[in-house]
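Chain letters run A, B, ... following the sequence lines, proteins first, then strands; residues in each count from 1.
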There are 2 protein chains.
Amino acid sequence: MARTQGSHGDITGPKVREAALRLFAQEGFAAVSMRRIAGEVGVQAGALYLYTPDKQTLLFDLMREHLEELLANWSAPDAPPLAQLEDFARHHIRFHLARPELVFIAYMELRNLEPENFRVIERLRREYEDRLEAVLKAGQAAGEFEVPDTKLATMAIIAMLTGVNTWYREGGRLDRDAVESIYWDMVRKAVAAG
Amino acid sequence: MARTQGSHGDITGPKVREAALRLFAQEGFAAVSMRRIAGEVGVQAGALYLYTPDKQTLLFDLMREHLEELLANWSAPDAPPLAQLEDFARHHIRFHLARPELVFIAYMELRNLEPENFRVIERLRREYEDRLEAVLKAGQAAGEFEVPDTKLATMAIIAMLTGVNTWYREGGRLDRDAVESIYWDMVRKAVAAG
DNA sequence: GATTTATCTGAACAGGCGTTCAATTCAACC
DNA sequence: GGTTGAATTGAACGCCTGTTCAGATAAATC
């Protein structure tokens, strides 16, 4: 037996990516075998290698594309620092709530990246942090924010906002807009003067 | 060959725990084999089973003991809500910075717990969250805090504080006390009225 | 209808996995 | 000095791992 009826590369390709995404997020990169992924897609393990050179690249591509999209999704608008910060906070929450699996993987599977791939991902993440820090620095310079340390505040804000993903569930007590507003309010106050 | 010179159960036991802790934190539970752990300890894989019934229990015990210690380490002092909150924030940062590996494992390896073990850990974590939420509720009732949602604020604060572990490195720009104070300041402002 | 080409199978490779257990060794006790 | 018992080895169990590849199949092209 070989090629079964209705098999198409342009369908199987995305299916491989989606199965890897779901399984890596649920059980972790190291715990998921290529045979499991193949099973989800409906092919034998060997067929996966038509769509990825190896398992590591499957993980790396998911993370790289995720972070590139994150960066493409936000750059500081031409506005006062406070408005820039609000824009950042709301975009961050919205973006992260929309793709919980990718967020989880990009966060949890760093140690399973080979050194070279790790450096690439780290650079992208660092770039995102720098964008927020630039906003905080601008606000500090303008006297609108009062943060003793912009780098530290950057990390604290990102950790707080990303933390939404650990508890938010669709159809829960609060909808996304409400969560967004409440978190923005806490961020605003945390960096406010006084 | 068998028992080598100078072998002692009361030494090997802790060494197994420490090796597992270090390796699980560095490379992840699923990526570390019993043979690797045994190699770090300096015994053969079979000897590990004198100190743990299986690999799963090795992980579970690390997490359970960590969370039990966390709970034992803090209960709300007899003081006004603001002082209670400061006490919480400072204890949380201090406790977490002191054991980064356990924190990392308790956070990252939840999905590698068997269902029954998972429930135990979840319950302990929930208890910790509830203690913070009680403080926020008290402060809200006293009109000292202004939080639109105490559960959400609980999660936001814990995420923010635990986030310290992702970037803090010993001997860096800021010492622990400075970090503690800066984070407490952000927490204080985030829940403040106004 | 024949040929080409993309797609996939199924077996194989060499190695690693968690766990068990009889056999062995060494330290402590009588 | 002989006996006991805890500590450990090393081999074995059955199974799973990522990856490769010759061969088979079905769709697309001519």
Side-chain angles (χ1 to χ4, degrees), chain A residues 1-21 23-24 26-63 105 109 111-117, chain B residues 1-21 23-24 26-63 105 109 111-117:
Chain A
M1 244 175 300
R3 180 171 190 180
T4 55
Q5 210 168 11
S7 62
H8 299 291
D10 49 353
I11 290 179
T12 306
K15 277 172 92 177
V16 170
R17 193 187 180 279
E18 284 154 26
L21 171 64
L23 289 174
F24 288 168
Q26 262 168 32
E27 311 181 18
F29 175 76
V32 174
S33 71
M34 294 299 268
R35 283 171 180 83
R36 277 284 304 284
I37 297 171
E40 291 281 311
V41 174
V43 297
Q44 295 299 312
L48 297 182
Y49 291 84
L50 292 165
Y51 304 98
T52 182
D54 48 36
K55 194 188 176 192
Q56 166 75 201
T57 305
L58 211 45
L59 173 64
F60 175 59
D61 284 348
L62 284 171
M63 295 176 70
I105 290 172
E109 303 297 351
R111 62 186 164 191
N112 286 307
L113 288 176
E114 288 163 6
E116 195 178 339
N117 292 338
Chain B
M1 243 174 302
R3 179 171 190 180
T4 56
Q5 209 167 13
S7 60
H8 299 294
D10 49 352
I11 290 178
T12 307
K15 276 173 93 178
V16 170
R17 194 188 179 278
E18 285 154 25
L21 170 64
L23 289 175
F24 288 169
Q26 263 169 31
E27 311 180 18
F29 175 76
V32 173
S33 70
M34 293 299 267
R35 284 171 179 85
R36 276 285 303 284
I37 297 171
E40 290 281 311
V41 175
V43 297
Q44 294 299 311
L48 297 182
Y49 291 84
L50 293 165
Y51 305 98
T52 182
D54 49 35
K55 194 187 175 193
Q56 167 75 200
T57 305
L58 212 44
L59 174 64
F60 175 60
D61 284 347
L62 285 171
M63 294 175 69
I105 289 172
E109 303 295 354
R111 62 187 164 189
N112 287 307
L113 288 175
E114 287 163 8
E116 195 179 338
N117 292 338

Sole candidate of A:Thr52, A:Leu23, A:Val43 that passes side-chain contact (heavy atoms from CB on, under 4.5 Å) when paired with A:Ile37: A:Leu23
Report yes if a side-chain nitrogen or oxygen of B:Tyr51 is closer than 4.0 Å to either non-bridging phosphate oxygen (OP1 or OP2) of D:dT8; otherwise report no. yes
Phosphate OP1/OP2 of C:dC8: any A:Thr12 side-chain N/O under 4.0 Å: yes
Across nucleotides 14-20 of chain C, 5' to 3', mark each nucleotide with B, S or - according to how protein heavy atoms within less than 4.0 Å reach it. ---BBBB
What pairs with A:Ser33 under side-chain hydrogen bond (donor to acceptor under 3.5 Å, both in side chains), at least two apart in sequence or on another chain? none
Holding to salt bridge (charged side-chain N to carboxylate O under 4.0 Å, His left out), I want the full list of residues that pass it with B:Asp61, two or more places apart in sequence or in another chain. B:Arg64
To the nearest angstrom, the CD1-P distance between A:Ile37 and D:dT17 comes to 11 Å
With sequence neighbours excluded, tell me which residues meet side-chain hydrogen bond (donor to acceptor under 3.5 Å, both in side chains) with B:Glu40. B:Arg22
In whole angstrom, what separates B:Leu50's CG from D:dG5's P? 17 Å
With sequence neighbours excluded, tell me which residues meet side-chain hydrogen bond (donor to acceptor under 3.5 Å, both in side chains) with B:Glu114. none
Quick one: salt bridge (charged side-chain N to carboxylate O under 4.0 Å, His left out) partners of A:Glu18, sequence neighbours excluded? none
note: A:Gln44, atom CD; C:dG10, atom P; distance rounded to Å ~ 5 Å
What is the distance, rounded to the nearest whole Å, between atom CG of A:Asn112 and atom P of D:dG18? 12 Å
Measure CG/B:Leu48 against P/D:dG10 and give the value in whole Å, please. 14 Å
Specify the separation, in whole Å, of atom CG of A:Asp10 and atom P of D:dA28. 10 Å
Please report the distance, rounded to the nearest Å, between CD1 in B:Ile11 and C1' in D:dT8. 14 Å
